[in-house]
Every structure is written in C-alpha cells, then in structure tokens.
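Take a look at the structure set out below.
Each residue takes its place number in the sequence, starting with 1. Note: hydrogens, waters and symmetry copies are ignored here, and every other heavy atom, side chains too, is used.
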Amino acid sequence: MAFRDSRDEVVMNRPTTRVVIVGGGTAGWITANAIAAEHRPDSPSGVQVVLVESPDIPTIGVGEGTWPSMRMTLQRIGLSEDRMIRACNASFKQGTRFRGWSGRDGDDGYIHPFSLPTDYATDNPATSWLASKVSVPFAHSVTPQATLIEGGLAPKQATTPQYAFAFNYGYHLDAGAFADLLRQHAVEGLGVVHIEGNVERIEAGPSGDLAAVLLSTGERIDGELFVDCTGQRALLIGQHYGVGFTSVKDVLFNDTALAVQVPYANPDDAIASATQATAETAGWIWDIGLQTRRGVGHVYSAAHADQSAAMAALERYVARTSPGVDFANLDVRTISFEPGYRQTFWFRNCVAVGLSAGFVEPLEASALALIEQSASAIATQLPRDRKVMDVVAKRFNAKLCYHWERIVEFLKLHYVVSERDDAYWRDHRTPASRCAGLNDKLTLWQQQPPWHDDAPRIDELFPSASYQYVLYGLGFRPADMVADQASVDRARERTRKLLYATHSKASQAARMLPTNRALLRQVAERTTGANCHG
C-alpha cells in the first residue's frame, strides 16, 4: 500500500490565491483582463493577478486581425468598443478576401465572410448550389455579406449599440496600441498588479511546481498558477520545463514574414472591410486597413524563396496598391518563426498562452482567437486548489490540442485545393505534406459537402461554413455527386430562391449601411464612457 507524504497533501490542498503572468503583449494582457474580470479581488472567488513584464522586449504585433469572438472578449472585461476603436486605430473586419489563390483561369478571387449562410442551422446551401451549377460565386449566393465586403461597407449603422451588429464582424487594430489599452484597463479598472523587470531565475518547490520568479530588480514574485506569455522564448514552459514542441513545417511551409506600415495616399481613402490576402510565388501578402494606415506583409517559405525575392514581391505589391508611396522610405521588419505548437500547454502549475504555446502563420487570424480561447478557459475554470488544477489542465490540453490540429488542417486546405503551378504550391499538394484528417474530409466531400459533422464542437474556431467558403471559393467541385434530373430541377429552384433573397438583403443593406470609413469617423466624433458592462 502506498502512503502519500503529508507534504503532498499540503501542496494538493493549497488554494489558488495569486496568478502570476510572465510576459505582457496582447497574450499577457488579454489573459490578465479575463482572469481579473472573472475573479475580482473583492468577490468570493477573488484572486490577485500579477503581470510581470520585461521593459526590454517589444510587442511583435504581426497579427492585426481578429475574429468576431473579440467582441465578446471585450464585453466580458468591460471595455467600451468606442474607446478601443479610437485608441487602437481600429476598423471593422467582416472576413477575408482572397486574390489569386486558385490558379484557375479567370480567377477573380473569393470571399470568406464571417456571417453564416442563410438558414445554415437547418439547411445546407452547398448541396443545392453544387447541383444547380450556377455561375454566381458561393459566398455571394448564400450571404449578403460578400457583396457588402466588396462595397467597403460597415457591418452596422452608427445608431447600432456597441458590439451589436447587422452583419457579423471582428476588428483590424494596431497590436501595440491594443496591448497598451488592455494594460491600462487591467491595472486601472480591474486591479491587476503590473511589475516591470526581467526574470533572472525561476524557483521551483520540492514538488516540482513553480514557486516564484526572481527579477533583476531583486523582487521575488510567488504564486500558485503561472501563465507563460514570454513569446517564442517560452521561458517557463519551454526553457524551464523543457516541454516539447511539435513542428508542422512539413505541412505548412511558411516560416518568415516581412511586415511594413503603409500610409494612405489620401485621408479619405476607402478602408477595406476585410483582410486582403494575395497569393504570391512562395507565399502570400496580407493587407489590413486601419484608420490612418495599412498593415502589409509578405509571409513566405524561406525554403522556396530568399529574402531578396520576397522583398521584391512585397515592393511590387506596395507599388501596385499605393503608387504614390516610396517603398525605400518604409521600415520593413523581418520576423522568423518555427510553425508549430507545444506538445503540452498546461504542465504542472504552468500554462502557456500566445506565442509560447505556438504559432503557425497569420492566415485566417487564428493567433488572437487562440489567445482568447485560452484566456477564457483559464478564467472560467480557474482551479480553486492544486488538486483541481490537474483536472482542469487535462481538459485544457485536450481542448487546445484539438484546436491546433484543426487550425493546421483548415489552413492547409487553402493550399491543397489550389491549382497554382509554382514549386511552393505544388509541394503543398504532395501527399506527404497533407494531414490525414484533411485527406479523409476531401474524400468525403467528393460525395457530400461539409456541414455540422465536419466541425462538431460548439467552440470551433472555424465552423463548417468556413470550409465551404474556402473549398468552393477555390473552385473545388465534387466528381462523385450524382443526381437525377428531378433532383437537379429542385436544386435549381431552391438556389434561385436563395439567390433572390440574398440579392434583396444585400441591396437593402447597401442602402442603409455607411462605408467603413464613414462609420469610423462617426465613432471618433462621438463621446462615450470609458467602460461598458453590457
């Protein structure tokens, strides 16, 4: 019979009274806000949240696009939408517009909007759309949002309440300014303790759990739960604990990004309502419209292009889209990364969030969405003691592993269906570089279109509708779907009605909605309270 050491009992029953977040940036401050908002110090479940931030490490800030989930995140922490938009140079994002990805003749690109197809809960529109073989692009057939994106329109009117919408939306924002705003809100509004200093030593207790971090200032910061937000250094989860890293470079090849800020030629220039993603020979270029500038970057595979070739492609893009801008005077940052994620995200009393947990590429803006998911899970399931922590960690690891696998699979879909003939794109289509799960789905989708069983979790980052938008936007057409003439006629009639309804809604919305820039100007001109809790 095994006997438990009394010291183990003390450790397992130790209550969680202080959470120490090591590292700031977007990951650290979203996590701090989420925990502090859920467990205020004066509440029965209250804990003290301490964030330790190095004054010497700048925010990387590559990802400036969010998913619609950010609206709920900001609401939960009590931050005003108007305040965020003004402070972060933000604009409204309704999806992504892809250009040149399919490689097919006559490719005009396609749109992946945030809104689900009409009546998607009970009716799969792809079934009738495929059978009817209409020429109208899939997204334009099933949701009016695709037309609104093309017109640069906003997702709502100026009188619509904060965070409410006519069409689902997220944001484009300045990542550095966003981190600053989150810090201010956490410290001044939620009681988070902010300490600046470099971590010089990590102290572990007899059980192997983290006990404290010792700073260059001489301070010792102890706690019961530690959140590693130290970026790619992964100071706690990687360097201290040695938790392994799963590389996905054999599946998703991109490992380098060139990022630049491009001014508008005219203050009245239109602000795109979606991220622009343009395919290149060895990668792709993102283009994100903020209020006063655009964030542009070329993410590519260093195995398929050297930096000079990648830089030349970026310069050509800026010259084409901003002919009055002198590229030579712009500051281009080079960012290298290893695409992949941790084998374990929550180990003992240490949990990794943000780049310390993993990163692939900015396609479809999954990075910030995963930070939100992680922060929310920690906040809502914060373990009351060490014994409960093991159970929470097990669930957290299963959840994050699932999400990372699905992200890799979904991003790979963008490359596998393409017919571009460059070496980079051909290599993406080789069987050796594919995920087994995606191969199975592509086989199934020859028989039936994606639907709810293909993305069954309630917290899916990419619902099955996203697979449809990308799949059919890239030109995928199943070879095995066979229907008799009567079925085809019924499909055409259903599609005709859907097209009419979609067109009518788009026309009505276009008459009522302002442009993206017009709405942002109205937000800038009005005054609101600093916080909201609706």
Side-chain angles (χ1 to χ4, degrees), residues 65 67-68 71 91-99 101-102 106-161 163-172 269-277 287 289 364 449-450 463-475 491-522:
W67 270 79
R71 298 200 322 275
S91 64
F92 298 105
K93 171 185 175 181
Q94 298 185 62
T96 303
R97 186 170 189 173
F98 292 86
R99 300 180 186 276
W101 283 68
S102 76
D107 176 22
D108 293 326
Y110 71 96
I111 290 173
H112 175 190
F114 283 149
S115 291
L116 296 176
T118 303
D119 298 327
Y120 192 70
T122 56
D123 180 51
N124 189 342
T127 303
S128 55
W129 182 84
L130 287 168
S132 61
K133 299 181 179 179
V134 296
S135 59
V136 180
F138 179 74
H140 291 74
S141 299
V142 301
T143 172
Q145 190 166 42
T147 300
L148 303 185
I149 288 172
E150 284 188 332
L153 298 179
K156 59 182 179 179
Q157 297 173 307
T159 55
T160 306
Y163 297 118
F165 61 90
F167 294 91
N168 201 14
Y169 69 91
Y171 308 100
H172 290 142
D269 282 352
I271 299 174
S273 298
T275 298
Q276 312 294 307
D287 191 337
E364 299 286 9
S464 56
S466 292
Y467 284 86
Q468 292 190 1
Y469 288 132
V470 174
L471 196 67
Y472 304 126
L474 284 168
R492 285 176 176 163
E493 179 60 19
R494 285 197 299 271
T495 301
R496 185 190 66 78
K497 292 179 179 178
L498 179 60
L499 287 171
Y500 178 79
T502 300
H503 176 74
S504 297
K505 290 176 184 176
S507 298
Q508 181 182 19
R511 290 192 298 269
M512 299 173 62
L513 292 173
T515 65
N516 215 357
R517 184 171 288 283
L519 178 55
L520 291 167
R521 278 182 175 159
Q522 290 173 304

Rounded distance [0.5 Å steps], OG in Ser128 versus CD in Glu493: 11.0 Å
Considering all heavy atoms, the nearest Pro125-Pro117 contact: CG-CB, 3.7 Å
Distance flag, aromatic centroids of Tyr169 and Phe167, threshold under 6.0 Å: no
CZ-CD distance between Arg517 and Gln522, expressed to the nearest 0.5 angstrom: 13.0 Å
ring-ring contact (aromatic ring centres under 6.0 Å, His included) partners for Phe98, two or more places apart: Trp101, Tyr110, His414
With Ser504 via side chain to side chain contact (heavy atoms under 4.5 Å, CB included) - residues at least two apart: Tyr500
Residues that His112 engages under ring-ring contact (aromatic ring centres under 6.0 Å, His included), provided they are two or more places apart: Tyr469
Nearest non-hydrogen partners of Leu498 and Ser141, listed with the distance: CG-O, 3.4 Å
Value rounded to 0.5 Å, distance of CG in Leu520 from OG1 in Thr515: 8.0 Å
Residue pair Asn516 / Ser91, side-chain donor-acceptor N/O under 3.5 Å: no
Gap separating the CG atom of Leu153 from the OG atom of Ser273, nearest 0.5 angstrom: 6.5 Å
Pairwise side-chain contact, Val470 with Leu474, heavy-atom cut-off 4.5 Å (strictly under): yes
Close side-chain approach of Thr96 to Ile111, heavy-atom, < 4.5 Å: no
Under 3.5 Å: donor-acceptor pair, side chain of Lys156, backbone of Ala164: yes
Under 3.5 Å: donor-acceptor pair, side chain of Ser115, backbone of Gln145: no
Between Thr495 and Trp129, a side-chain donor and acceptor under 3.5 Å: no
Flag side-chain contact, heavy atom, 4.5 Å: Trp67 against Lys93: no
Residues Arg97, Glu150; criterion side chain to side chain contact (heavy atoms under 4.5 Å, CB included); working and verdict: CA-CA 9 Å; Arg97 186 170 189 173; Glu150 284 188 332; 3.6 Å; yes
Distance-only side-chain donor-acceptor flag, Asn168 / Arg71, under 3.5 Å: yes
Pair His140, Thr502: side-chain N/O donor-acceptor within cut-off below 3.5 Å: no
Heavy-atom closest pair, residues Thr160 and Phe165: CG2-N, 4.0 Å
From CZ (Arg99) to CD (Gln276), nearest 0.5 Å: 5.0 Å
Ala465 backbone acceptor or donor facing Tyr120 side chain under 3.5 Å: yes
Thr118 side chain reached by Thr143 side chain, heavy atoms, under 4.5 Å: no
Heavy-atom closest pair, residues Ala274 and Ile149: CB-CG2, 3.6 Å
Minimum side-chain heavy-atom gap Pro449-Tyr472 below 4.5 Å: yes
Residue of the set Gln94, Glu364, His172 for which side-chain hydrogen bond (donor to acceptor under 3.5 Å, both in side chains) holds with Thr275: His172
Heavy-atom donor-acceptor pair, Gln468 side chain to Pro450 backbone, under 3.5 Å: yes
Atom CG of Asp269 with >12 non-hydrogen neighbours under 6.0 angstrom: yes
